[in-house]
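To start, the structure itself, in structure tokens.
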Amino acid sequence: MTTTKVRTRFAPSPTGYLHIGGARTALFNWLFARHHGGTFVLRIEDTDEVRSTHDSVDAILESLRWLGVAWDEGPETLEADRGPYAPYFQMKRLQSYRDRARKLLEAGKAYPCYCTKEELDEMRRLAQLEKRPPRYDGRCRRLADEKRRELEAAGKKAVLRFRMPDEGTTMVPDLIRGNVHFENALLQDFVIMKASGVPTYNFACVIDDHAMEISHVIRGDEHLSNTPSQLQLYAALGFKAPLFAHLSMILGPDGAKLSKRHGATSVLEYRDQGYYPKALRNYLALLGWATTESQELFEEEELFRKFSIEGCQKSPASFDPAKLLWMDGEYLRKLPVQELLDAAKPFLEKAGLWGKPGLEKVATLEREKYKLLSDVPKLVDFFFKDELDWTEKAKKLVGDGSRTILGDLAAELSKLPSFTAKPLEEAIRGFCSAKSLKTSQVFHPVRAAVSGRTEGPSLFDMLEVLGREKVIERLRKAAGSN
RNA sequence: GGCGCGUUCGUCUAGCGGCCUAGGACGCCGCCCUCUCAAGGCGGAGACCACGGGUUCAAAUCCCGUACGCGCCA
């Protein structure tokens, strides 16, 4: 038995940033390929001449790289220029579409259509009036050669249309949805080549999926209705069709299609907000896919091993930012501090904290509090500031009632032989009982005095890390005796 | 409008004819731990399985309609 090698692809149009939905599609293709020891291909579908941009290409590549969804073939790989399937930009493959189009034309399976936009609009209008599906009426199907020469001579530009069968049904075998049937009579003679000589989406994608030997087309739900047309193309070209799997869409928290008004939709925005890429990737894997063991957190290898099309959901999934945030914290908490700092480097640099001595120790103090990488500088900066950013609550705590306490304590602690957590705790607790103060009367003002905040790490650990000099100085300052 | 797809707690989901008076996770609430905030532990509220019909001894699970949502034709 011959088993075909699994080859999947992600084929974005570079007409904007990579959004969450696209990233999820790419991810599933990648996971599926990895699961089967196959190859994941990235192909850029840049046939939209007006909307495609180089910036978009860059953004898409950067997004995938950042997310850790690594394509095996595609732009910027070893095969990019010379591999058997290269190139990976559709605009560099125009010749192959034109060759195939000519073959279809010669075989009578496609025909030139000279209808103007006005004629098509009129067709559509009439159809709507008569409550028929708006569909090209095939008037150029049987254009006499003479008439055609006339139009050509008059300088009329033609598009190329594919001749759909008039009857019968086309069945789309879908790995997620089962067999879906479509009436051919309802499918229209769609355009495969534009007048400019550039192919349309449905045509180019069929040619390429065949040329690149794609075994499984895993893509968004919105393409399900295009699939019967594509299947007819495969048949007309004598190609073996790949297997299809149509993924449900991703909706916003309110059930409407995910869009900018729901917050960030671009992968790079999540990067810039401080999300940890593996966490986002893990979260995305869970949107529309699940295992039977109700596991939530996956190592990369586990994802490869456990991912399956069977676990893919038919119904759309809502993107839940709250769960993503939880998951991000979950990942950050497990990270060794040094790795955490490396990951947070851009944010620490922006705050001017990167490379500061003691950073690792302070960062460790707040260990379990980071939800985002961008939280790291925010929770750690008190250590490095000469002038603390006082919160209102903290200011109140070091108010009149506590000044003498803080001053006395400063004096006490300056004599402490060893400035480490244990002795500090003993000393401060001793101080409390000596002065008949409740611990809370001392602990809270001290925290406020040394950090400017009311929330923070365990007090004694924090004092140890801050060190004698800073602690005494800050206590005195707060006490107003300095 | 036609065709197609979908519908289990607020959200992601488990479930594939009896184990379901529907399980887990996020979020929410409470308690415990505790020097604060987190983290962690324990517990709680939250789903008449969209609705209506069948099939069956038995249905969230199978079948048929309806509604609603979404996609494609644009």
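All figures in this text were calculated on a predicted structure; none of them were measured in a lab. Numbers restart at 1 for each chain; the letters A, B, ... are given by sequence-line order, proteins then strands.
- Cation-pi geometry between A:K470 and A:F383 is satisfied (NZ or CZ under 6.0 Å from the ring centre, within 45° of the ring normal).
- Checked against B:A39, B:C26, B:G6, the side chain of A:E368 finds its nearest nucleotide in B:A39.
- As judged by a 4.0 angstrom heavy-atom cut-off over every strand, A:H246 is placed among residues making no nucleic acid contact.
- The base of B:C35 sits within donor-acceptor range of the side chain of A:S458, with an N or O pair under 3.5 Å.
- Comparing the C1' positions of B:A14 and B:G54 gives a spacing of 28 Å, expressed to the nearest Å.
- Between the P atoms of B:G1 and B:U66, the separation comes to 14 Å (whole Å).
- No option in A:Q232, A:E183, A:Q230, A:H181 other than A:Q232 meets the side-chain hydrogen bond (donor to acceptor under 3.5 Å, both in side chains) test with A:T170.
- Among the atoms of the strands shown, base atoms are found under 4.0 Å from some heavy atom of A:P457.
- Look at B:G46: it lacks any Watson-Crick or wobble partner with both distances under 3.5 angstrom.
- The separation of B:G6 from B:C26, taken at their C1' atoms, amounts to 23 Å, rounded to a whole angstrom.
- Between the CZ atom of A:F244 and the C1' atom of B:C72 there is a distance of 15 Å, rounded to whole Å.
- One can place CH2 of A:W326 at 15 Å from P of B:G24, the figure rounded to the nearest angstrom.
- Taking a pair to require two hydrogen-bonding distances under 3.5 Å in either a Watson-Crick or a G-U wobble arrangement, B:C16 remains unpaired.
- Of the nucleotides present, B:C64 is the one that pairs with B:G52 by Watson-Crick or G-U wobble criteria, both distances under 3.5 Å.
- Figure legend. B:G1 is base-paired to B:C73; pairs are counted as Watson-Crick or G-U wobble with both atom distances under 3.5 Å.
- Side-chain proximity of A:R429 to the nucleotides B:C35, B:U7, B:A25 is greatest for B:C35.
- Taking side-chain N and O atoms only, A:Q313 has no distance below 4.0 Å to OP1 or OP2 of B:U7.
- Side-chain contact of A:S13 with A:Y201: a donor-acceptor pair under 3.5 Å is absent, judged by distance alone.
- With B:A38, B:C73, B:G71 as the candidates, the nucleotide lying closest to the side chain of A:Q188 is B:C73.
- Following rounding to the nearest Å, A:I250 (CD1) and B:G71 (P) show an atom-to-atom distance of 14 Å.
- Of the listed nucleotides (B:U36, B:C35, B:C12), B:C35 has the atom at the smallest distance from the side chain of A:L459.
- The separation of B:G71 from B:C63, taken at their C1' atoms, amounts to 26 Å, rounded to a whole angstrom.
- Proximity of A:S318 to the phosphate of B:C12: a side-chain N or O atom is located under 4.0 Å from OP1 or OP2.
- Rounded to whole Å, the distance from CG on A:D189 to P on B:A74 is 12 Å.
- Comparing A:L287 and A:M249 by the nucleotide of RNA chain B that holds the closest heavy atom to each, the one mapping nearer the 5' end is A:L287.
- Here, B:U34 and B:C49 have their C1' atoms 42 Å apart, quoted to the whole Å.
- Remark: the separation of the C1' atoms in B:U13 and B:G46 is 15 Å, to the nearest Å.
- Among the protein residues, A:G288 comes within range of the sugar-phosphate backbone only, with heavy atoms under 4.0 Å from sugar or phosphate atoms but none that close to a base.
- Spacing of P atoms, B:G15 relative to B:G53, comes out at 28 Å, to the nearest Å.
- Proximity note for A:R333 (side chain, C-beta onward) versus B:A25, B:A39, B:G6: the nearest is B:A39.
- Among the nucleotides B:G6, B:A39, B:C26, the one closest to any side-chain atom of A:S315 is B:G6.
- Among the atoms of the strands shown, only primed sugar atoms or phosphate atoms (P, OP1, OP2) are found under 4.0 Å from some heavy atom of A:E222.
- Cation-pi geometry between A:R333 and A:Y331 is not met: the NZ or CZ atom fails to fall both under 6.0 Å from the ring centre and inside 45° of the normal.
- The side chain of A:F182 approaches B:C3 more closely than any other nucleotide in the set B:C3, B:A39, B:C72.
- In this entry the distance linking CG of A:L297 with C1' of B:U13 reads 15 Å, nearest Å.
- With ring centers used as reference points, A:F319 lies under 6.0 Å from A:Y283.
- Contact annotation: side chain of A:R177 to base of B:C5, donor-acceptor pair absent below 3.5 Å.
- Atom CZ in A:R453 sits about 13 Å away from atom P in B:A38, given to the nearest Å.
- In the set B:C3, B:U13, B:C35, B:C3 carries the atom at the smallest distance from any side-chain atom of A:L186.
- At whole-Å resolution of the value, CG in A:L365 and P in B:A38 are 17 Å apart.
- Of the charged side-chain nitrogens involved, at least one lies within less than 4.0 Å of a carboxylate oxygen, so that A:E119 and A:R139 count as a salt-bridged pair.
- Remark on RNA chain B: of its neighbouring residues A:K323 and A:H181, the 5'-side contact belongs to A:H181, judged by nearest-heavy-atom nucleotide.
- Rounded to an integer number of Å, the gap from A:M164 CE to B:C73 C1' is 12 Å.
- Listed nucleotides: B:G40, B:G23, B:G71. Nearest to the side chain of A:S225: B:G71.
- Out of B:G71, B:A39, B:C35, the shortest distance to the side chain of A:H444 is found at B:C35.
- Here, B:C20 and B:U55 have their P atoms 27 Å apart, quoted to the whole Å.
- The side-chain tip of A:R43 does not point at the ring of A:F10 from less than 6.0 angstrom away and within 45° of straight on.
- Note on A:R281 versus A:E300: salt bridge recorded, some NZ/NE/NH1/NH2 to OD/OE distance being below 4.0 Å.
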